[in-house]
Amino acid sequence: MSLFLSRKEEHILDGEEGEVLQKCYRLLVRLGEAFGADRLIPIKSAHLSGISYKSIGEPGLDFLEDISQEARFKVKTTINPCGMDLRRWRKLGVGEEFAQKQLRILRALRRMGATMTLTCTPYYLSAPTRGDHLSWAESSAVCYVNSVLGARTNREGALSALASAIAGVTPNFGIHKEEGRKPELLVKIKAELRSVSDYSALGFKVGREAGDRIPFFKGLKGGKEEMKALAASLATTGAVPMFHAEGLTPDWEKQDTIGLEKIEIESSDIRKVYEEFEGEGFEAAFIGCPHLSERELRELCHSRPRVRTFVCTARNLAPSLVRPLRKSGFEVLHDTCLVVSPLCEKYEKLAVDSSKAAYYLKSKAVLKRREELIK
Ligand code: F3S
């Protein structure tokens, strides 16, 4: 099937509306052709990842500054955490040179029209609705909005999401279509899941088994925060774009699971994930991968940290909770997380309650249940 282009889109491809838009369309058309898309479809929003100077360095900074001279975002465009807390970076010991480069990246994004959300859970600030087509590039958020909210976005890379933000369209294939949302693996939960961290460990295990297949969970219980933890780790060890869960996710009743490969998850499978990141003697802890919801922040207000503990969330989510959290002894970090910030380099061992964070922090990480990190 070839990709249909309207006359207007052909003109854009011919460069009649500027070089940057032409390049964005070229990239999106090429991507669409590679994956059998039938056309380009309008999107409601884009979400950009890869905006920390720690991740993209000098080439990324140059590229963004360069295109920001001409490019403007056509749709609402939110952005992932960057490399530092914009108000507290000096106090936290982030170097001046790093900070200035990070600020230049953010200025370039702002010039293009980005909403400065600086969070990997932008859906807590403004949630997409069921059926919305999006172009999002944070894998944990992609898996969450597709599965829990019923929105539609492929797992975009930093470049394709940027091109879509500028063009306002995305190629119509994969998760955007009904047939791309069908389950391909049946997962029966026999494990006892006691903590939000157990859901993260569950996703870590199932992501490995699933690869890029869409799992259908049977016997799973839990609320939105548990689904967030599950989505994040499914998308870490696997390239899982979404999941269905019996009784929990919006489209589960429409799905046919007859004849699917089936796996069972026991409590021992969950235990083994913690064993992969065993260790003691951590100097600090990091809670909030993905960024915490208001409900999670409220719960933390009633506890105290065991060691120096960084809690990451979106700056504009619940500003009134920052003071009580600090009073309880937590270090609240906005705009960033310990994975994308150079802050983590200060620690030899860091306790985390998320297997996604453990995966990225590698030998530095000790994986614990959230309840073990607080008292
Ligand atoms: Fe978010 Fe950082 Fe985890 S961007 S998903 S808190 S690695």
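Start at 1 and go down the list; that is how both ligands and their atoms are numbered. The first residue in the sequence is number 1, and the count goes up from there.
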Query - Given Tyr274, Tyr360, Phe277, the one that forms ring pair (Phe, Tyr, Trp, His ring centres under 6.0 Å) with Phe204 - result: Phe277

Query raised in the report: Side chains of Gln22 and Asp14: does their closest heavy-atom pair fall under 4.5 Å?
Result: no

**Report entry** Residues that Asn146 engages under side-chain hydrogen bond (donor to acceptor under 3.5 Å, both in side chains), provided they are two or more places apart
**Finding:** none

**Report entry** 4.0 Å heavy-atom contact, Gly288 with ligand 1
**Finding:** yes

Query - Tyr53/Phe98 aromatic ring centres below 6.0 Å - result: yes

**Report entry** Residue and atom names of protein N/O/S atoms that fall under 2.8 Å from atom 2 (Fe) of ligand 1
**Finding:** Cys337 SG

Query - Pairing residues for Arg213 by the side-chain hydrogen bond (donor to acceptor under 3.5 Å, both in side chains) criterion, not counting sequence neighbours - result: Glu261

Query - Contacts of Glu138 that satisfy side-chain hydrogen bond (donor to acceptor under 3.5 Å, both in side chains) - sequence neighbours left out - result: Asn80, Ser140, Lys356

Query - Those atoms of ligand 1 less than 4.0 Å from some heavy atom in Glu138 - result: 5 (S)

Report task. Verify the neighbour count for atom CD of Glu348: are there more than 12 heavy atoms of other residues, nucleotides or ligands below 6.0 Å? Result -> no

